[in-house]
Amino acid sequence: MKDLQSTRDHREIPLNHVGVRDLRYPIVILDQAAGTQQTVARLSMSVDLPHHFRGTHMSRFIEVLEHHRGEVTMHTLPIILDELRRRLQAERARVEVKFPYFLQRAAPVSHSVALMDYECWFVGEATSDVHDFLLGVEVPVTSLCPCSKAISDYGAHNQRGHVRIEVRSVTNAEGAPAIVWIEELVEMAERAASAPVYPLLKRVDERHVTMQAYDNPRFVEDIVRDVAVSLRADSRVAWYGVEAVNQESIHNHSAYASSTWSRVGDNSHAATEKSVVADVMVQ
């Protein structure tokens with residue numbers, strides 16, 4: 001049968017990304033406590049397209065994924081990416097994997113147990129000589145406003161927010177990235193907030209969490225900086241991006257702060273940095 005995708009295109013315009021998006025697929029990922037965890041991911045897979053090809057072969061993305069059905073981690077993504085480049089005659093390949101990750105969480109006082117889901121993602125990209133892997137997680141948290149507490153006769157406004165953390169880890173001599181666990185990033189985010197968010201709380205737990213947040217007020221700036229301190233202290237982290245967003249309970253807008261940082265060499269103090277913080281409060 002005629003292969004139209006491989007016919008020559010005379011417009012001479014290369015394309016950065018061509019592929020499939022929003023593909024739902026069962027995957028198995030690494031779990032720090034249990035070893036592995038099964039979940040369902042939403043994938044985007046793409047390659048670059050040279051100017052002389054009319055199109056790519058979309059079916060081959062699914063064939064490559066099916067061939068590597070099973071574990072999708074920082075260890076297997078480079079293999080998938082290299083096969084995509086080879087099968088599709090591309091210089092660059094990219095795979096984005098977004099999935100819910102479940103952790104068993106115990107309430108702080110009653111110790112009632114339930115599963116909590118966290119939105120996570122992997123992004124892998126490869127060329128002939130470079131492999132890149134990024135891990136991301138979004139963690140819901142509770143924050144209580146320090147200013148509101150300081151100026152009020154009693155009480156303080158609080159809200160649910162979320163902390164997004166993305167990391168690239170350092171690589172060893174063979175080019176393999178160090179493992180940073182999802183569970184570790186979740187713990188960093190929750191520790192930086194006023195209080196964690198739980199899937200199941202009894203009345204004694206609700207009382208505890210309410211007072212915990214009141215005793216631990218945090219601006220979004222505080223949350224981002226505290227997470228950043230933990231990430232910079234971790235020798236496995238080569239780059240990070242952190243964002244905290246509070247869905248303000250007394251405003252019709254959200255407050256946010258963000259920061260990115262990259263390590264230069266092995267010296268954690270010799271780093272390039274870009275930070276942005278923003279918080280709006282009506283005086």
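Side-chain atoms of H162 and N246 form no donor-acceptor pair, as typed in the model, at a separation below 3.5 Å. The closest side-chain donor-acceptor pair between S143 and Q159 falls under 3.5 angstrom. Between the side chains of W121 and E166, at least one donor N or O lies within less than 3.5 Å of an accepting N or O. A donor-acceptor pair shorter than 3.5 Å can be found between the side chains of H68 and E83. A donor-acceptor contact closer than 3.5 angstrom is absent between the side chains of R168 and Y240.
In E91, the CD atom is not crowded: 12 or fewer heavy atoms of neighbouring residues, nucleotides or ligands sit closer than 6.0 Å. Heavy atoms from other residues, nucleotides or ligands lying under 6.0 Å from CZ of R207 number 12 at most. Other residues, nucleotides and ligands place more than 12 heavy atoms under 6.0 Å from the CD atom of E66.
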**Item:** Audit row: H57, L88, side-chain contact (heavy atoms from CB on, under 4.5 Å) steps and yes/no
**Value:** CA-CA 7 Å; H57 295 82; L88 293 159; 4.1 Å; yes

**Asked** Taking it one step at a time, do V186 and W181 satisfy side-chain contact (heavy atoms from CB on, under 4.5 Å)?
**Response** CA-CA 9 Å; V186 169; W181 296 96; over 6 Å; no

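Screening E125, H17, R94, R92 against S46 for a side-chain hydrogen bond (donor to acceptor under 3.5 Å, both in side chains) leaves a single residue, H17. Checking each of I223, D215, L144, V209 against S194 for a side-chain contact (heavy atoms from CB on, under 4.5 Å) leaves exactly one that passes, namely L144.
Checked against a 6.0 Å centroid threshold, the rings of Y118 and F102 do not count as neighbours.
Side-chain contact check for P78 versus F133: every heavy-atom pair is 4.5 Å or farther apart. The shortest distance between side-chain heavy atoms of R85 and S128 falls below 4.5 Å. By the 4.5 Å heavy-atom criterion applied to side chains, L103 and D117 are not counted as neighbours. Between Y25 and R69, some side-chain heavy-atom pair lies under the 4.5 Å cut-off. Residues T127 and D132 are not in side-chain contact: their nearest non-hydrogen atoms beyond the backbone lie 4.5 Å or more apart. With contacts defined as side-chain heavy-atom distances shorter than 4.5 Å, the pair V18/M58 qualifies. Between E96 and F122, every side-chain heavy-atom pair lies at or beyond the 4.5 Å cut-off. Looking at heavy atoms from C-beta onward, L200 lies out of side-chain contact with V113 at the 4.5 angstrom threshold.
Connection of I165 to L134 is not established within any shared hydrophobic cluster, with ILVMFWY side chains joined at heavy-atom distances below 4.5 Å, either directly or through further cluster members. If you chain together hydrophobic residues whose side chains sit under 4.5 Å apart, L30 and I80 fall into the same group.
The pair E138-K98 fails the salt-bridge criterion, with no side-chain N (NZ, NE, NH1 or NH2) lying under 4.0 Å from an Asp/Glu carboxylate O. The pair E187-R191 meets the salt-bridge criterion, since a charged nitrogen lies less than 4.0 angstrom from a carboxylate oxygen.
Listed here is the closest heavy atom pair of L231 and R263: O-NH2, 3.9 Å. Nearest heavy-atom pair, P196 versus T142, reported as atom, atom and distance to 0.1 Å: O-OG1, 3.9 Å. The two atoms that bring V109 and D205 nearest to each other are N-OD1, 2.8 Å, heavy atoms only. Closest non-hydrogen pair, A41 versus I27, comes out as CB-CD1, 3.6 Å. Summarising the geometry of W261 relative to V237, their closest heavy-atom pair is CZ3-O, 4.3 Å, with the distance given to 0.1 Å. What you find for Y101 and C120 is that their closest heavy atoms are CB-SG, 3.6 Å.
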